[in-house]
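One structure is given here, and the rest of the page talks about it.
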Amino acid sequence: MCDHVLSARLLDWYDTHARALPWRVPPDQSRLGRRADPYRVWLSEVMLQQTTVAAVKAYFDTFTSRWPRVQDLAAARDEDVMAAWAGLGYYARARNLLKCARVVANELGGRFPDTREGLQALPGIGPYTSAAIAAIAFDQPATVVDGNVERVMARLHAVQTPLPAAKPELTALATTLTPPDRCGDYAQAVMDLGATICTPRNPACGLCPWRTDCAAHALGIAAELPRKTRKAPKPIRLGTAFVGRRADGAWLLERRPPSGLLGGMLGWPGSGWSENPAAVPPPAPGRWTPLNGEVRHTFTHFHLRLQLQVAHLPEASTPARGQFIAGDTFDPNDLPTVMAKAYHLSRDWFDASD
DNA sequence: TAGGCGTGGAT
DNA sequence: TATCCAAGCCT
């Protein structure tokens, strides 16, 4: 079976089975030459990095409503963008999103580059995202290789090498299959196939347009591929956070350093997080009370158990760390999830002690 | 180059 | 409850 026949069959499948997504031009319109707005393609692709479609949709709507063009986003305040990204995770993406928007708006006349090379020179755009934007927004024959494509290629060709070592081989296989026409639709078609048919567990091989060509299916091992090297177990780290509320209802919060874990995000002052964190003094004088219970949260590479200290602070409080944010201005949705958990647990205590 | 970097849903 | 997993990038 030649590659041309394979890609053509996948495009036929895509014509009737493409997912309808807010950032997507459906195949019937794409075939008429309509292209998606590069800004929206870029925004969706960055949001979708290591993140599910279900989680992205609401954020995409919020961002495109509030900042309809790249110039609007470029002009936004850092703290507003970080707050809008809160809860989506991988906050370096939001920092790079702003950097990228400002380069495009201020140095590139508001237009995204239309080549992989130009795109990949921008902050937060790597090999996958540059190919996705080039293919989807500019219909260039760029090969997208994400987790979906890796899985589909590993099965189609029964690649037994475990990831991530297999990545170069899977990339080469994907490149061979990429057709010269309908590039954007093809890129989205492979990913749709991986997301809806060729799924990690229980692949729906009976519905797959590539079933008769799939080496793993013929061997009965589709669900076992791609093989992966096992990851190390996550260590447990401990920490303390201080949740203070002033008499007028303002909360004592702190902007985290601009890089590293939760970089640039708002949070509660506290200790560092490690196996044995050094004690730190409270961020402001007051009668601090340890809270029963703790916040448990799992990050990419460790489990966190966070002890909380709470206090009513006087109007004249002069904090050594952080800044007060008025109660009617503060929105716990602006916090990363671990900090929002700490807020909700503390809030119970404040409400009970009022 | 391998490890840092979030989150919520599925199993 | 614990683990895996999702449209990766940066250093």
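Worth knowing before you read on, the calculation uses all heavy atoms, side chains too, and leaves out hydrogens, waters and symmetry mates. Letters A, B, ... mirror the listed sequences (proteins, then strands); counts begin at 1.
Counting only N and O atoms by type, the side chains of A:H17 and A:T196 include no donor and acceptor under 3.5 Å apart. One side chain, A:T178 or A:T143, offers a donor N or O that lies under 3.5 Å from an acceptor on the other. A donor-acceptor pair shorter than 3.5 Å can be found between the side chains of A:Q188 and A:R24.
Dashed line: the shortest gap from a side-chain N or O of A:R151 to OP1 or OP2 of C:dA6 is under 4.0 Å. Dashed line: the shortest gap from a side-chain N or O of A:H297 to OP1 or OP2 of B:dT7 is under 4.0 Å. Contact annotation: A:T52 side-chain N/O to B:dT7 OP1/OP2 distance is not under 4.0 Å. For C:dC10, the OP1/OP2 oxygens have no side-chain nitrogen or oxygen of A:Y90 closer than 4.0 Å. Distances shown here put every side-chain N or O of A:H301 at or beyond 4.0 Å from the OP1 or OP2 atom of B:dG4. OP1 or OP2 of C:dA6 has at least one side-chain nitrogen or oxygen of A:K228 nearer than 4.0 Å. The side chain of A:Q50 places an N or O atom within less than 4.0 Å of a non-bridging phosphate oxygen (OP1 or OP2) of C:dG8.
Among the protein residues, A:R230 comes within range of the sugar-phosphate backbone only, with heavy atoms under 4.0 Å from sugar or phosphate atoms but none that close to a base. Residue contacts shown for A:L262 are limited to sugar-phosphate atoms, with no base heavy atom under 4.0 Å away. Residue contacts shown for A:R95 are absent, as no nucleic acid heavy atom lies under 4.0 Å away. Nucleic acid contact class of A:T129 (heavy atoms, under 4.0 Å, all strands): sugar-phosphate only. Here A:P127 lies in heavy-atom contact (under 4.0 Å) with sugar-phosphate atoms only. Heavy atoms of A:G87 sit under 4.0 angstrom from primed sugar atoms or phosphate atoms, though from no base atom. Residue contacts shown for A:T337 are limited to sugar-phosphate atoms, with no base heavy atom under 4.0 Å away. Using a 4.0 Å heavy-atom criterion, one finds that A:P164 contacts no nucleic acid atom at all. Among the heavy atoms of the strands, none lies under 4.0 Å from A:W85.
Look at NZ on A:K167: it is 8 Å from P on C:dG8, rounded to the nearest Å. Straight-line distance from the CD atom of A:Q120 to the C1' atom of C:dG8: 11 Å, rounded to whole Å. Here B:dC5 presents its C1' atom at 12 Å from CH2 of A:W273, a figure rounded to the nearest Å. Here C:dG8 presents its C1' atom at 13 Å from CE of A:M191, a figure rounded to the nearest Å. A:R256 places its CZ atom 12 Å from the C1' atom of B:dG6, with the value rounded to the nearest Å. Rounded to an integer number of Å, the gap from A:N202 CG to B:dG9 C1' is 15 Å. Atom OH of A:Y59 is separated from atom P of B:dG6 by 13 Å (rounded to the nearest Å). Spacing between atom CG of A:L97 and atom C1' of C:dC9 amounts to 13 Å, rounded to whole angstrom units.
Nearest-nucleotide positions on DNA chain B for A:R201 and A:G89 put A:G89 closer to the 5' end.
Contact annotation: side chain of A:T51 to base of B:dG6, donor-acceptor pair present below 3.5 Å.
A gap of 22 Å separates the P atoms of C:dC9 and B:dG8, to the nearest Å.
Under the 6.0 Å cut-off for aromatic ring centres, A:Y39 and A:W67 do not qualify, their centroids lying 6.0 Å or more apart. In this structure, A:F299 has its ring center under 6.0 Å from that of A:W273. Ring to ring, A:F324 and A:W251 are not that close: their centroids are 6.0 angstrom or more apart. If you look at A:Y343 and A:F330, their ring centroids are closer than 6.0 Å.
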